[in-house]
Amino acid sequence: MQKIIPHVWCQGTAEEAVAFYRDALPDCTLAASSRYPSEGLPDFQQKFAGELLTADLRIGDYHVVLINAGEEYHPNPALSFFLNFDPSRDPDARASLQATWERLGEGGTALMPLGEYPFSPFYGWVQDRFGVSWQLILSNPDGAPRPFVVPALMFCGPAQNRAQEALDFYAAMFDDAAQGTVVPYPEPTGPAPAGAVMFSDFSIAGEWFAAMDSGVEQPFTFDPGVSLAVQCRDQEEIDRLWSALSHHPEAEACGWCMDQFGVSWQIIPQGMGELMQHPGAHQRLLEMKKLSIAGLRGD
């Protein structure tokens, strides 16, 4: 089971986004979905009564959830997704990358043009029409194997040059965390001093993530437009992770919190979908900050 699942905020466009990603991303399917209750919603959610609430997309065997909500948040490149096109797994990897780039770019913006770079013979960074950022890379088949989808955290703005601090913090907090590659900047680059993290990757519970300090001043930073939902085995794990991760009380709501770097997390129990089927669970959820499994059940 994937323990940490990225959630992408859609501004009322989740139905359209599902269709777009199923066409644009390789091996992308809709695995499950949920809907808003048809009644009993607070005023700010009334327009969504009976509408799509979440859509669980599978890109291969990787889960990404789309949240259908209002205009409060929007994804930005501080949290993007690497797509690793590996010639050892796909003999047509370069062509597959090109085709995916073209589809994701429809109505989007190229942040780094597709082409040859010192770190890859074929790479590009695109922000799609929904604001989600994708880094498409032709992987080195002789390198350490990595999954097709890897979430990437770019430390910029208020979090500039805190990537190594974050790596150390996450490694100490999560079970089964492990450091992978770390490549430092050899010389000062924009706001990043020599020795800051130019690229790194790490795993949590067997799931890979990438992290870097931005080499360019950025007008954005982490926000709830893309959050990371941790599926906890019991209330004890919810309590422990909430205590460690929540550093901004004003950001606490419905199981959401924000850590000291600005990364947004959802600390939720395993089987959240089943818990939300209990009568009145949606209303009780809206009244919570840290989630209570018993409270969601109505015990």
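Everything quoted here is computed from the prediction, not taken from an experiment. Just so it is clear, the values below take in all heavy atoms, side chains as well, and ignore hydrogens, waters and symmetry mates. Count residues from 1 along the sequence.
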(request) Output all residues satisfying side chain to side chain donor-acceptor pair (under 3.5 Å) with Q164, sequence neighbours left out; order by chain, then residue number. (result) D168

(message) R284: which residues meet the salt bridge (charged side-chain N to carboxylate O under 4.0 Å, His left out) condition with it, sequence neighbours left out?
(response) none

(request) Mind listing the closest non-hydrogen atom pair of F81 and P151 along with its distance? (result) CD2-CA, 4.1 Å

(message) Cation-pi check for F261 against R162: NZ or CZ below 6.0 Å from the six-membered ring centre and within 45 degrees of the axis, yes or no?
(response) no

(request) Under 4.5 Å between side-chain heavy atoms, chaining through other members, with only Ile, Leu, Val, Met, Phe, Trp and Tyr counted: pull out the rest of the cluster around V65, sorted by chain and number. (result) I5

(request) Quick one: closest heavy-atom pair of Y170 and A177, and the distance? (result) O-CB, 4.2 Å

(message) Does anything in residues 269-280 form a side-chain hydrogen bond (donor to acceptor under 3.5 Å, both in side chains)? List the pairs, not counting sequence neighbours.
(response) none

(request) Report the residues that fulfil salt bridge (charged side-chain N to carboxylate O under 4.0 Å, His left out) with D56, sequence neighbours left out, ordered by chain and then residue number. (result) R58

(message) Per the side-chain hydrogen bond (donor to acceptor under 3.5 Å, both in side chains) rule, what does the pair list look like for residues 67-79, sequence neighbours excluded?
(response) none

Would you give me the side-chain donor-acceptor pairs under 3.5 Å for residues 179-186, sequence neighbours excluded?
from	atom 1	to	atom 2	distance (Å)
Q179	NE2	D201	O	2.8
Y185	OH	D213	O	2.6
Y185	OH	G215	N	3.1

(message) With ring pair (Phe, Tyr, Trp, His ring centres under 6.0 Å) as the test, pick out the partner of F148 among Y62, F85, F82.
(response) F85

(message) By the side-chain hydrogen bond (donor to acceptor under 3.5 Å, both in side chains) test, which pairs, at least two apart or in different chains, include something from residues 4-17?
(response) E15-R35

(message) Just to verify, what does D142 make a salt bridge (charged side-chain N to carboxylate O under 4.0 Å, His left out) with, not counting sequence neighbours?
(response) none

(message) Tell me if the aromatic rings of Y21 and W134 count as close, with their centers under 6.0 Å from one another.
(response) yes

(request) Output all residues satisfying side chain to side chain donor-acceptor pair (under 3.5 Å) with R240, sequence neighbours left out; order by chain, then residue number. (result) none

(request) Output all residues satisfying salt bridge (charged side-chain N to carboxylate O under 4.0 Å, His left out) with D86, sequence neighbours left out; order by chain, then residue number. (result) R89

(request) Would you please name every residue forming a side chain to side chain donor-acceptor pair (under 3.5 Å) with Q127, sequence neighbours left out? (result) none

